[in-house]
Amino acid sequence: MQRFAALLDGLLYAPQRTVKLALLREHLATVPDPARGWALAALTGEVALPAAKPALVRALIAERMDPELFRLSYDFVGDLAETVALAWPAPPGDGGPVPDLPEVIERLAAASRTEVPRLLSTWLDALDATGRWALLKLITGGLRVGVSARLARQAVADWAERPVADIEEVWHSLTPPYLALFHWLDGQGSRPTAEDHPSFRPVMLAQPLEEADLAALTPSHYAAEWKWDGIRVQIVGRGAQRRVYSRTGDDISAAVPDLLSSLDSARVPFDGVLDGELLVGDLGPAGWSVRSFNDLQQRLNRKTVSARLQAAYPVFVRAYDLLVIGGEDLRAQPWQQRRAALEAWHAHHQLERIDLSHLVAFDSWEQLDLLRQEAGRSTNGAIEGVMLKRRDSPYLAGRPKGPWFKWKRGALTIDAVLMYAQRGHGKRSSFYSDYTFGCWQDGTLVPVGKAYSGFTDVELQRIDRFVRDNTTNRFGPVREVSPALVFEVAFDSVHPSPRHRSGLALRFPRIARIRWDKPAAEADQVSTLAALVG
Amino acid sequence: MIGKTVVARPSPHPETWLQVRPEGLYCQPADLFIDPIRPVARAAITHGHADHARPGHEAVLTSAETLAIMQARFGPASVGGATTPHWHEPVTIGEVSVQLVPAGHILGSAQVVLTWRGTRVVISGDYKRSADPTCRPFEPVACDVFVTEATFGLPVFRHPPIAGEIATLLASVARQPERAHVVGVYALGKCQRVICELRRAGWDRPIFVHGALQSLCDLYQAHGVDLGPLLPATVAAKSAMAGAIVLAPPSAIADRWARRLPDPVVCLASGWMRVRQRAKQRGVERPLVISDHADWDELLTTIADIAPGEVWVTHGAEEALVHQLQSTGQQARALALIGRELEGS
Ligand SMILES: [Zn+2]
Ligand SMILES: [Zn+2]
């Protein structure tokens, strides 16, 4: 438990991804099984413990500590687990044997409700303050230290000196503490088989297309599809199981029960791996019409999705590739053949919530360019541009250069005025690098968005100096500045948002140019933005 | 323990001769303020931190080290006529006997012991009980009233042994040799203690120091505290700072000044670092729980050791400490002093 606590403590303070990865690598290299696997599982939320309610933690400390002292301490610290961890009075003498992480997990999983309090207080007596904090965070489900499943897999890959795709491919057939995985990576056992599991397959990603690339490309070698502003997903069916994964391999099945039940209602259960875009839309006689990304967001990042939400925001998948079908792996075949297999499968099964990504016919890059610009304008960003896929390309994990390109339409832009600046994190912690900008409404500035990117280091230094020289007010880490600096802000689309004072929210805002030359009074009006809402 | 409580004829309760005035705590029969925040005719100064030592008093009674610190900070002319008695040597002012006894907080830090007509009050200033190679250790003095700080007067504050914190820092340096570790330290006391502890842990390479720390480091060295080789951080090349330990005031570690360092790991040595959210808020990557103040356990053991008739609690978390003392039968009350901000310790 002490090793796990030290890891958790290190991760909490590590601002940089590279430092987090180094800590995880060190843990994997030096901690034995099954503790290292349980640590990964705990960090990525894969440990299902009978959740200890905060009330239980409060009851435990109440037995040990004066309530008034606890109240004053909690007021000061502001976090229950941390207050209890810090203030827990160590018993005189030896606190007893220090439990390790596997012991904690295994014994809690086996314990009855009435046994849990006694187990916890025994462990709290044995552990030091950091260990107590880790234990309490673990059992109350609050391990927020910035480790995603994706980062954990990357750390395993780095430690094992293998491509992350190798790890992703077997990951979902594994259960904590991942003994089969570690045996394989230690050279002690064979590769865990993913055959009978609805496993994620690492996805193929596209390179952004530079206009200069076009001259070297032959139009007839490529197929074009619309690039929809949704979420890339992978649908996997195997045996009786169906899963939906995000492009980073996170299982998002719980967010799309309607999609899953549609798959299950098929005459023949889907057995294969399908690559496509998750979208929200309306099903009419002519098929699905796509709604905005804003609508799709209503369905995401939720633990459960109510029937009302499912009805109000129907999801479907626009399929564009077929990786595996009926146990046969198609990934080595050229795109052309996979596409034919996809079309045949789609025509045969006619699933209500899966449609086909249409191919855009074109003869020249100039013609495709025009189609691309037009499609973006007429859909307020629902079409982000086009995808180019080389007809003879196999399906390769990662982002190989050449076979797939994304050719985005130009972003929308507005001129906005810098209103507030906040210090950044990590390498940027000495700079004011997070900006809130606004547009004019009835002669005053109203915030319309925030941006953290789109400028060079040299520009950042200059903006930082501007912020320091033009500060009119301070609120903790935030500085208000006089309205004097105009940013040309690029964004993908704009949506109504009752949560913002302007009533609008920008998608992917970033700084396109810094208009040192432009007077603030000439920045855009909020009404100009509002007119872009589709 | 030094001295014994003198019990003779009915003695005047300290409440009758020690008062809180706008300038600070005032001893009437000696016409003497202790750590006043405004210029006064006669002041006793416990130690050199800015919330205790101010310039402009006409006469000052303090330790020789604290006088040197005040002169270094405010200029030689800023301190009036000075009396610097030896440790424990009584000085009589009016009918009041005044003694300085080590407080263990920083170089020269003293408790001011006032004895008048058979009652004794100890004004401890800031103090700690854990070992510190840069100053004399705290000595408990029996008394009727013990005046204590309560900077870390909550049971969440338990400072771990300093050796462990220094080991954590050195492990981080070893793990990331391409980065500089910049450690935020209070210029007076914390800085020199951290340097001494680094030396004790075997770190014999030059330590880089921010310009604002140099003169007090020189003063400590002149008082026989060996700090080893120090280099100014301002003139060193960026490449020379890879793998280095750099000390700077807390205000500089996450600001423009730190940009001269290669990919700095921001560390902060402070008792407040015990609370994770505080450390996170300050953008600290490596918190070091190092304090020159008594933690919760030290406050309670010190008061139990002394067993004074009464405890008066000055700055910090008075409420919790008073509550705890009262619930164990110790008479205690909060003493509201104006102008005592919590220093970054
Ligand atoms: Zn002090
Ligand atoms: Zn103080």
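Throughout, a chain's letter reflects where its sequence line sits, starting with A, and its residues are numbered from 1. All heavy atoms count here, side chains included; hydrogens, waters and symmetry mates do not.
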Are the side chains of B:Arg193 and B:Ile290 in contact, using a 4.5 Å heavy-atom criterion? yes
Given A:Val19, A:Leu7, A:Val156, the one that forms side chain to side chain contact (heavy atoms under 4.5 Å, CB included) with A:Leu24: A:Leu7
For A:Phe431, is it the side chain, the backbone, both, or neither that has a heavy atom closer than 4.5 Å to a heavy atom of chain B? both
If I measure from the heavy atoms of chain A, does B:Val265 come under 4.5 Å with its side chain, its backbone, both, or neither? neither
Using the side-chain contact (heavy atoms from CB on, under 4.5 Å) criterion, which residues pair with B:Ala180? Sequence neighbours excluded. B:Met241, B:Leu261, B:Pro262
Atom group of B:Pro287 that falls short of 4.5 Å from chain A, counting heavy atoms: side chain
Of A:Val145, A:Leu138, A:Leu23, which is the lone residue that meets side chain to side chain contact (heavy atoms under 4.5 Å, CB included) with A:Leu8? A:Val145
Contact class of B:Ala258 relative to chain A, heavy atoms under 4.5 angstrom: neither
On a heavy-atom basis, which atom in B:Ala269 and which in B:Val194 lie closest, and how many Å separate them? CB-CG2, 4.3 Å
Donor-acceptor table for chain B and chain A, threshold 3.5 Å:
unit_1, atom_1, unit_2, atom_2, d
B:Arg158, NH1, A:Leu86, O, 3.4
B:Arg175, NE, A:Glu26, OE1, 3.3
B:Ala254, O, A:Arg423, NH1, 2.7
B:Asp255, OD1, A:Arg468, NH1, 3.2
B:Asp255, OD1, A:Arg468, NH2, 3.0
B:Arg259, NE, A:Ser430, OG, 3.0
B:Arg259, NH2, A:Ser430, O, 3.1
B:Arg259, NH2, A:Asp464, OD2, 3.0
B:Asp263, OD1, A:Gln16, NE2, 3.4
B:Arg274, NH2, A:Leu86, O, 3.4
B:Arg276, N, A:Glu82, OE1, 3.4
B:Arg276, N, A:Glu82, OE2, 2.9
B:Arg276, NE, A:Asp9, OD1, 3.1
B:Arg276, NH1, A:Glu82, OE2, 3.3
B:Arg276, NH2, A:Asp9, OD1, 3.2
B:Lys280, NZ, A:Leu12, O, 2.8
B:His323, NE2, A:Asp66, OD1, 3.0
B:His323, NE2, A:Asp66, OD2, 3.1

Side chains of B:Arg129 and B:Asp305, heavy atoms from C-beta outward: is any pair under 4.5 Å? yes
Could you work out, with side-chain contact (heavy atoms from CB on, under 4.5 Å) as the rule, every residue matching A:Pro117, not counting sequence neighbours? A:Leu56, A:Leu60
Under the rule for side-chain contact (heavy atoms from CB on, under 4.5 Å), what residues qualify as partners of B:Ala201, not counting sequence neighbours? B:Ile166, B:Leu170
